[in-house]
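Read the structure below first, then the notes.
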Amino acid sequence: QVQLTESGGGLVQAGGSLRLSCGASGRTISSMNLGWFRQPPGKERDFVGTVSRIGGTTTYADSVKGRFTISRDNAKNTVYLQMNSLKPEDTAVYYCAARNPLPGRTGTFDYDYWGQGTQVTVSS
């Protein structure tokens, strides 16, 4: 019912910045928790961060803390991932996801909707 589409990926040099956008269609995302994930080449999908539906509270993986910032704009039905001080190890396909905040739902990868992903490549 909710379709998520990531955009903004590309090739950047180490130390550079990139802003990813995830637009939602089908229904509003204001009542949903949102997350960002990434999958490096040949590796499993990793958690990047989340932003809550109330107050915009964010959490981040230690690997990106202090460099990445997640924000949401409910009016635009969009969530963003601002990436600064990029490193080659940040190279991955980045995904956004959304889920209804049901009681007891705490699984890191337990999301209802996923985007198609956008490629981010960081050169050394």
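No hydrogens, no waters, no symmetry mates; every other heavy atom, side chains included, goes into these values.
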> Under 3.5 Å, is there a donor-acceptor pair between the side chain of Q39 and the main chain of A92?
Replying inline: no

> CE/M32 to CG/N74 distance, rounded to the nearest 0.5 angstrom?
Replying inline: 11.5 Å

>> Test of understanding: with salt bridge (Lys or Arg N to Asp or Glu O under 4.0 Å), list the residues that count as partners of D73, not counting sequence neighbours.
In response: none

> Sequence neighbours excluded, which residues qualify as side chain to side chain contact (heavy atoms under 4.5 Å, CB included) partners of S52?
Replying inline: N33, T57

>> Run the ring-ring contact (aromatic ring centres under 6.0 Å, His included) test against F68 and tell me which residues pass, sequence neighbours left out.
In response: none

>> Using the salt bridge (Lys or Arg N to Asp or Glu O under 4.0 Å) criterion, which residues pair with K65? Sequence neighbours excluded.
In response: D62

Residues 12-31, side-chain donor-acceptor partners within the protein, below 3.5 Å, at least two apart:
from	atom 1	to	atom 2	distance (Å)
S17	OG	N84	OD1	2.9
R27	NH2	N100	OD1	3.3

>> Return the OH to CG distance between Y60 and L81, rounded to the nearest 0.5 Å.
In response: 8.0 Å

> Where do R67 and M83 land on the side chain to side chain contact (heavy atoms under 4.5 Å, CB included) test, with the steps shown first?
Replying inline: CA-CA 6 Å; R67 299 188 298 120; M83 304 182 294; over 6 Å; no

>> Can you list everything that forms a side chain to side chain contact (heavy atoms under 4.5 Å, CB included) with T59? Sequence neighbours excluded, please.
In response: F47, T50

> Which salt bridge (Lys or Arg N to Asp or Glu O under 4.0 Å) pairs, counting each pair once, include a residue from residues 110-119, with sequence neighbours left out?
Replying inline: R105-D110, R105-D112

> Going by the disulfide bond (SG atoms under 2.5 Å apart) test, which pairs reach into residues 23-78, not counting sequence neighbours?
Replying inline: none

> Can you list every salt bridge (Lys or Arg N to Asp or Glu O under 4.0 Å) pair that touches residues 32-57, not counting sequence neighbours?
Replying inline: R38-D90

>> When you group the ILVMFWY residues by side-chain heavy-atom contacts below 4.5 Å and let the links chain together, are V122 and V64 in the same group?
In response: yes

>> For a quick test of reading the model, state the closest non-hydrogen atom pair linking A98 to L4 and the distance between them.
In response: N-CD1, 3.7 Å

>> I'd like to check the side chain to side chain contact (heavy atoms under 4.5 Å, CB included) partners of V51; sequence neighbours left out, ordered by chain and number.
In response: L34, T58, I70, R72, V79

> Which pairs pass ring-ring contact (aromatic ring centres under 6.0 Å, His included) with one or both residues in residues 101-122, sequence neighbours excluded?
Replying inline: F37-F109, F37-Y111, F37-W114, Y111-W114

> Got a sec, which residues hit side-chain hydrogen bond (donor to acceptor under 3.5 Å, both in side chains) with T121, two or more places apart in sequence or on another chain?
Replying inline: Q119

